[in-house]
Amino acid sequence: MPDTTFHADRMTYWRAHAWLAALAMAAGMGVLWLMDNPHVWTGAVGGLFAVAVRAFYLASDEARAEWTLTGTEIIGPETRRIPLTEVAQVRTLGSAVQIITHAGDKHLMKYMANPRDVAARIETAARGSAP
């Protein structure tokens, strides 16, 4: 089986942050409205600013993350190595793929353009490596 590399998708990253910004703006306005603040609109500004700062600050790392599926393991960022024989469960969470090992360790492959395809490939490889 040839190695397969999965890259974080830049458009998926920005789309996820756009949704997060919309939720933060609504929450900020809602809190200020509940407090009877006459400047409810500032909640939207604050929510947008907070998410925008986070998105731009983390973009260089998060949007460049890559994971490699080999015949025996999954190699991820920051020296993560997950033997395929240790994969207990693979599931999707929005644009992410969560890998859970038999020991209970959880690894998150974030901002995948096609998370269902990534999960299916990992499950297939893990079943093929099972003793």
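Below, all heavy atoms of this structure are taken into account, side chains as well, without hydrogens, waters or symmetry copies.
- Listed by first then second residue, pairs satisfying salt bridge (Lys or Arg N to Asp or Glu O under 4.0 Å) with a partner in residues 104-118 read Glu62-Lys110, Asp117-Arg121, not counting sequence neighbours.
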Report, one line per pair, each donor and acceptor closer than 3.5 Å where one atom sits in a side chain of residues 26-52; sequence neighbours left out.
residue	atom	partner	partner atom	Å
Asn37	OD1	His39	N	2.6
Thr42	OG1	His39	O	2.7

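- With contacts defined as side-chain heavy-atom distances shorter than 4.5 Å, the pair Met109/Ile122 qualifies.
- Taking each heavy atom of Gly71 and Asp3 in turn, the nearest pair found is N-OD1, 4.3 Å.
- Side-chain heavy-atom separations under 4.5 angstrom define the hydrophobic clusters, and the remaining members of the one that includes Leu108 are Leu93.
- Closest non-hydrogen pair, Pro83 versus Arg81, comes out as CD-O, 3.7 Å.
- Under a hydrophobic clustering in which Ile, Leu, Val, Met, Phe, Trp and Tyr are joined whenever their side-chain heavy atoms come within less than 4.5 Å, directly or via other members, Tyr111 and Phe6 fall into different clusters.
- Rounding to the nearest 0.5 angstrom, the gap separating the CG atom in Leu69 from the CD1 atom in Ile82 is 10.0 Å.
- Interatomic distance, OG1 of Thr101 versus CD of Glu86, reported as 6.5 Å (0.5 Å rounding).
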For a quick test of your reading: what N or O donor-acceptor pairs under 3.5 Å do the side chains of residues 12-22 make, sequence neighbours left out?
residue	atom	partner	partner atom	Å
Thr12	OG1	Asp9	OD2	2.6
Tyr13	OH	Ala55	O	2.6
Tyr13	OH	Ala59	N	3.2
His17	ND1	Tyr13	O	3.0
His17	NE2	Arg54	NH1	2.6

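- Contacts of Glu66 classified as side chain to side chain donor-acceptor pair (under 3.5 Å), with partners at least two apart in sequence or in another chain: His7.
- Side-chain contact between Ile74 and Trp67: present, with at least one pair of heavy atoms (C-beta onward) separated by less than 4.5 Å.
- Qualifying side chain to side chain donor-acceptor pair (under 3.5 Å) partners for His102, counting only residues two or more places apart in sequence or in other chains: none.
- With a 4.5 Å cut-off on side-chain heavy atoms, Thr72 and Leu84 do not count as touching.
- Annotation: side chain to side chain donor-acceptor pair (under 3.5 Å) contacts of Arg91 (sequence neighbours excluded): Gln98.
- A heavy-atom distance below 4.5 Å is found between the side chains of Arg10 and Arg64.
- Closest of all the heavy-atom pairs between Pro115 and Gly94 is CG-O, 3.4 Å.
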